[in-house]
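Working notes, structure below.
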Amino acid sequence: ERQSLYVVNHDQQQLVGEVSIPDVRNATALDALVTAGVMQLPVDLTEGRAQLVDPLPPNTNTIKIGGLLPYRGKLYATAYSYYDGDASQVLSHFVCDLNMVAGTVQGPFQVGTLGAGFIAGYFGLIPAAWQAALGGPVLNGQSCLNILSRTSFGPAVSAIDPTQIGGANIATAVPLVYYPQAHQGLGGDRGQNGLFNATAEVRGVVFPEGTRSVLFFGRLGLGPFCYGGVECNDPTDASKGNHAYPYAYYVWAYDALDLAAVKGGTKQPWDVKPYAVWSLTLPFGNADAHINGAAYDPTMGRLFLSQAFGDGHKPLVHVFTVGTV
């Protein structure tokens with residue numbers, strides 16, 4: 001209704017703002033694109049309470065916003081500890097007014113019982129026809145973080161009802177797919193199989209209306225895995241860490257019937273596999289591929305995908321029309 005997108009600003013600040021959706025143009029030159037207008041200046045949505053999601057020492061590290069969801073007159077946000085070395089984070093969700101008015105924020109709250117590493121991230125709406133089968137109106141997940149043992153080794157998502165968040169009880173989360181350390185169903189973190197390795201990032205989930213496809217968006221290193229620095233010969237990043245050059249914008253597609261089987265108890269969350277995966281080609285791609293997030297407008301059938309450093313510095317938002325067959 002607001003014809004806008006909520007976005008996180010610079011990575012070092014983690015402030016949240018709101019931008020308008022300008023005219024969508026099919027352009028081949030950056031200067032032909034329209035810049036979004038600022039509807040709300042970036043603010044600290046948590047009002048200084050972000051560190052409360054992981055307050056126990058030694059976890060005094062960076063807290064990042066994992067996902068944003070405007071829903072039924074409220075704005076829901078997740079926050080995660082960037083390097084949760086002792087896997088102690090359980091609080092993750094905040095709730096505030098859509099206008100982010102000072103004094104309206106509540107939280108952080110716990111959602112589900114798997115741990116924040118499986119839920120403190122992206123959101124996506126569940127079509128009405130699938131809400132009973134999956135266990136709620138909204139998808140919510142997190143995966144592929146630093147300290148992989150505290151998160152999912154591949155896409156992860158649960159079904160939630162955001163209106164439960166903020167009460168006296170822990171909000172229910174119905175796990176639909178995730179891969180804990182003991183059940184690495186997509187392969188190990190140092191593999192080269194087109195499904196998962198430690199370079200994988202999952203930054204958004206979308207369930208388009210009129211389909212059975214639950215789509216996860218992110219990136220994956222497609223080359224030989226290497227842990228190290230310059231010796232990994234990664235032209236996009238010489239720092240010590242996980243490498244698997246070349247990298248691709250990536251989509252993992254799951255069948256909603258498989259997720260419903262998990263909800264129904266006939267499958268385990270780690271037994272579910274994507275029915276397809278593919279690289280996503282963007283008009284202004286770069287070798288160091290990263291996706292910031294994904295959003296979906298069911299009334300227009302439009303998918304919004306935020307591409308990090310799309311023009312070399314600032315993000316670009318690509319808009320796709322999702323059709324059905």
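Because only heavy atoms are used, hydrogens play no part in the values below, and waters and symmetry mates are left out as well, while side chains stay in. Note that the coordinates shown come from a computational prediction; the quantities given were computed from them, not determined experimentally.
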Mind checking side chain to side chain contact (heavy atoms under 4.5 Å, CB included) for Ala27 and listing every partner two or more places apart, or none if nothing turns up?
-> Ala32, Leu33

Spell out, yes or no, whether Phe123 and Tyr71 are grouped together once hydrophobic residues are joined by side-chain heavy atoms under 4.5 Å, including indirect joins.
-> yes

Contacts satisfying side chain to side chain donor-acceptor pair (under 3.5 Å) that involve residues 247-263 (not counting sequence neighbours) are Tyr179-Tyr254, Arg212-Asp255, Asp234-Tyr247, Tyr249-Gln307, Asp258-Lys267

More than 12 non-hydrogen atoms from neighbouring residues, nucleotides or ligands closer than 6.0 Å to CZ on Phe284, yes or no?
-> yes

Within a reach of under 6.0 Å around OH of Tyr275, are more than 12 heavy atoms found that belong to other residues, nucleotides or ligands?
-> yes

By side-chain hydrogen bond (donor to acceptor under 3.5 Å, both in side chains), Thr266 pairs with (sequence neighbours left out) none

Please identify each residue that fulfils side-chain hydrogen bond (donor to acceptor under 3.5 Å, both in side chains) with Gln13, with sequence neighbours left out.
-> Asn9

Is the Phe207 ring parallel, tilted or perpendicular to the Trp130 ring (thresholds 30°, 60°)?
-> tilted

For Cys226, disulfide (SG to SG under 2.5 Å) partners two or more places apart = Cys232

Arg203 and Phe217: side-chain contact (heavy atoms from CB on, under 4.5 Å), yes or no, with the steps?
-> CA-CA 6 Å; Arg203 296 293 174 82; Phe217 294 88; over 6 Å; no

Within-4.5 Å side-chain heavy-atom neighbours: Leu195 and Lys273 | no

Rounded to the nearest 0.5 Å, the CG atom of Asp311 sits from the CG atom of Leu30 at a distance of 6.0 Å

CG of Leu305 to CG of Leu316: how many Å apart, nearest 0.5 Å?
-> 11.0 Å

Show the numbers, then the answer: is there a side-chain contact (heavy atoms from CB on, under 4.5 Å) between Val111 and Ile170?
-> CA-CA 6 Å; Val111 175; Ile170 297 172; 5.8 Å; no

Distance-only criterion, 3.5 Å: show the donor-acceptor pairs between side-chain atoms of residues 157-169 and protein atoms not counting sequence neighbours.
unit_1: Asp161; atom_1: OD1; unit_2: Thr163; atom_2: N; d: 3.1
unit_1: Asp161; atom_1: OD1; unit_2: Thr163; atom_2: OG1; d: 2.7
unit_1: Asp161; atom_1: OD2; unit_2: Thr163; atom_2: OG1; d: 3.2
unit_1: Gln164; atom_1: OE1; unit_2: Thr172; atom_2: N; d: 3.0

side-chain contact (heavy atoms from CB on, under 4.5 Å) between Gln106 and Phe94: does it pass, once the steps are laid out?
-> CA-CA 6 Å; Gln106 301 176 60; Phe94 293 86; over 6 Å; no

Give a yes or no answer on whether the side chain of Asp84 reaches the backbone of Arg150 with a donor-acceptor pair at less than 3.5 Å.
-> no

Shortest non-hydrogen contact from Thr151 to Ser143?
-> OG1-CA, 3.2 Å

